[in-house]
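We name chains A, B, ... by the order of the sequence lines, and we start the count at 1 in each one.
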2 protein chains.
Amino acid sequence: MADRVHVTLRDVAMAAGVSLATASRVLNGTAKVREDLRDRVEAAASELAYTPNAHAQALVRASNETVGVICHDVSDPYFSGIARGVMRAAAQRDLLVMLASTFRDSTREVAYVSMLRAQRARAILLIGSGFEDRRWERAMDVELRPYLNAGGRVAVVSRHRSLRVDTVLPENRQGAAALARALLALGHRRFAILSGPPGLSTVVDRVGGFRDALAAAGVPVDQIEEGPFSREGGYAGACALLDRGLDATCLFAATDVMAVGALAALRERGLRVPDDVSLAGFDDIPVVRDLTPPLTTVSLPLEEMGERVIALALRDGGRGRRRIERVPGTVILRASTIGPR
Amino acid sequence: MADRVHVTLRDVAMAAGVSLATASRVLNGTAKVREDLRDRVEAAASELAYTPNAHAQALVRASNETVGVICHDVSDPYFSGIARGVMRAAAQRDLLVMLASTFRDSTREVAYVSMLRAQRARAILLIGSGFEDRRWERAMDVELRPYLNAGGRVAVVSRHRSLRVDTVLPENRQGAAALARALLALGHRRFAILSGPPGLSTVVDRVGGFRDALAAAGVPVDQIEEGPFSREGGYAGACALLDRGLDATCLFAATDVMAVGALAALRERGLRVPDDVSLAGFDDIPVVRDLTPPLTTVSLPLEEMGERVIALALRDGGRGRRRIERVPGTVILRASTIGPR
DNA sequence: GCGCTATCTGAAAGCGCTTTCCTGCGGTAC
DNA sequence: GTACCGCAGGAAAGCGCTTTCAGATAGCGC
């Protein structure tokens, strides 16, 4: 990037025969400038294809028209749905989005926060359940504290344990509970659960909400398998359940992505969904309605969540009290769940 | 971001009792510094949670450890698959990725290039077929030319018409032709095509390659419907085909995403896939193998394409001749295509 | 026509950093 | 003991921009 030189404001000013100050004022519209000078500056700028150096601007303005977003994996529909909302909202505000994928590596997540901090991003958004261990928490705090003190904004989606920042919080517990009740209403009494990585608040809430609602109806669940939030995780979990002799009329996967894997596993083992076993997921990622059978799930407005988290981070008076915006989940009953035979 | 002050190198230097120059040298390891001084600087930096201002660095170094990626829609699996590859490769190089979604708005695409230029991104990557009209071409050229002249790198995936830059080019034509031949081999003779937006090189190549291969076997195709590259586009296109009295044993959709929509439409109209009509797509996005039936398609190594495009942009001697890396597509026959009854 | 004010323009400082240049120090050879 | 060399650290310039401050110009009333 250093091979040749960029066109600078000085070049524009010289070409237009005015001072840097005047050129700057014209290009930013920050003060009245005589019409002929203005025209000359504008002509020179477009002639030279001038683009202001955002770094010089950021340096003097101590801020950069940029927001950073950190998620675990862009190609997971859950995250890309939220990212889409963030980008739509960012575009409206003329902000550039720096999007980083951690690939679920907590060290990398902290490193990204540091880089975003260095970039003086206006806001940093953390999407998706975090790494809820002490070491991570401390490392993250070390990065975030000075960033916040310097006026940076931080907001998160779906992680509420440790970080004391503005949060968009899907009502995982209530959603899962509502799903459980709907499944009970269908007549199911024997359930199995495909749970996510232990400790994640999302997992705790979804699985906990599901189990509590069942327990309230006097239905215990002892068939649980844990695995990563991925198609493979769901596939492997379902296989493990099957290997141990699955005895359930309904299987609940903590995420749709896992449910997709579970569906494949069940089918491979010769089980029909929903005839032999009902299957439900969580999130309502776009694709699940096109599965056969279409998947029963708890729908989350992913794109809206993305829009809300950036709005939350950038809101006026951002330094006020912490705000938590709860996003309800809606149970969507589709053909993957029917009453047990 | 201007509420309070950031910790600067000057703060670190003062705390350590050394000059800025020394502090800078320690933190960058650019020159030997006496051990005790070095220790003091390092201690001060970590004490103060110092993060260098990337803008100040970028300003003096005339470059920013950042690459910009522009795609049409992050939540489209085709793009997010490629984006994933880009991010993985970027992470290895300690680069931050700025990812922008155009939402298929050509004006916005040009605006993003301008913003990335302002950010002095090391490279700008354009993912996915472009807007092949004259106005766009000129506007894009105005932005890209000075960027390239200033040493910026540009590379693209899957758009070869107008932009004369390094390119990763999926072999759409060959892939579609191979698919057509495979379908012919299954015994199909009556085909319908769901095409994408007219004029896009991707569409021209895929549909053209498909038709040419059929024509070579003496099989004409007159049932074609155009629509946007989306599930809805596929759905609407299939409905239109059906309304006009679909007379084909096999339907080819220009992208998997469209095929998903088509599958839904066919099913709604009571047609069974593959018994009544075979269906094939293109791209091999992850989800299609989990459809019922799993979709026959042409597989593209999306993630690898992402890795290659960033490698191409950042390669040494980037100012050399234009390079075009062709990526072959592999026909994957799955259950959505069988021989006609 | 003169003096005052209201506008607009230009000079210059400074944002936080890297890097060149230069000074001062210690060590070595004679 | 003196002259020279090498090296580490500091001062200062400068990256491209915004913005304050002061100066210049025009406009107005008398």
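- Within the 4.0 Å cut-off from OP1 or OP2 of C:dG10, at least one side-chain nitrogen or oxygen of A:Ser19 is found.
- Atom-to-atom, CD of B:Gln119 to C1' of D:dG16 comes out at 14 Å; the value is rounded to the nearest Å.
- Taking atom CG on B:Leu9 and atom C1' on D:dG10, their separation rounds to 13 Å, with Å as the unit.
- At a cut-off of 3.5 Å, with distance as the only test, a side-chain donor of B:Asn64 or A:His55 sits close to an acceptor on the other residue.
- B:Arg40 places its CZ atom 10 Å from the P atom of D:dG9, with the value rounded to the nearest Å.
- Mapping B:Ala56 and B:Glu35 onto DNA chain D by nearest heavy atom places B:Glu35 at the nucleotide closer to the 5' end.
- The CG-C1' distance, from A:Asp36 to C:dC8, rounds to 12 Å in whole Å.
- Between D:dG16 and A:Gln57, no contact under 4.0 Å exists linking OP1 or OP2 to a side-chain N or O.
- A cation-pi contact, defined as under 6.0 Å to the ring centre and within 45° of the axis, links B:Arg88 to A:Phe103.
- Residue B:Arg93 places its CZ atom among more than 12 non-hydrogen atoms of other residues, nucleotides or ligands, all under 6.0 Å distant.
- As a whole-Å value, the separation of A:Arg120 CZ from D:dC17 P is 20 Å.
- Among C:dC17, D:dG10, D:dC17, the nucleotide with an atom closest to any side-chain atom of B:Asn53 is C:dC17.
- Between the P atom of C:dG14 and the CG atom of B:Leu59 lies a distance of 17 Å, rounded to the nearest Å.
- With distances taken from any side-chain atom of A:Ala21 to the nucleotides D:dT19, C:dC17, D:dG10, the minimum falls on D:dT19.
- Within the nucleic acid shown, A:Ser24 comes within 4.0 Å of at least one base atom, counting heavy atoms only.
- Nearest nucleotide to the A:Lys32 side chain, out of D:dA8, C:dA11, C:dC8: C:dC8.
- The phosphate of C:dT9 (OP1 or OP2) has no side-chain N or O of A:Thr22 nearer than 4.0 angstrom.
- Inter-residue side-chain proximity for B:Gln119 and A:Leu96 is flagged as met; some heavy-atom pair is nearer than 4.5 Å.
- Annotation: side chain of A:Leu125 is not in contact with side chain of A:Ile70 (no heavy-atom distance under 4.5 Å).
- Set against C:dT18, C:dT9, C:dT19, the side chain of B:Val60 has C:dT18 as its closest nucleotide.
- For the pair A:Asn28 CG and D:dT18 P, the computed distance is 4 Å after rounding to whole Å.
- Rounded to an integer number of Å, the gap from CZ of B:Arg25 to P of D:dA11 is 11 Å.
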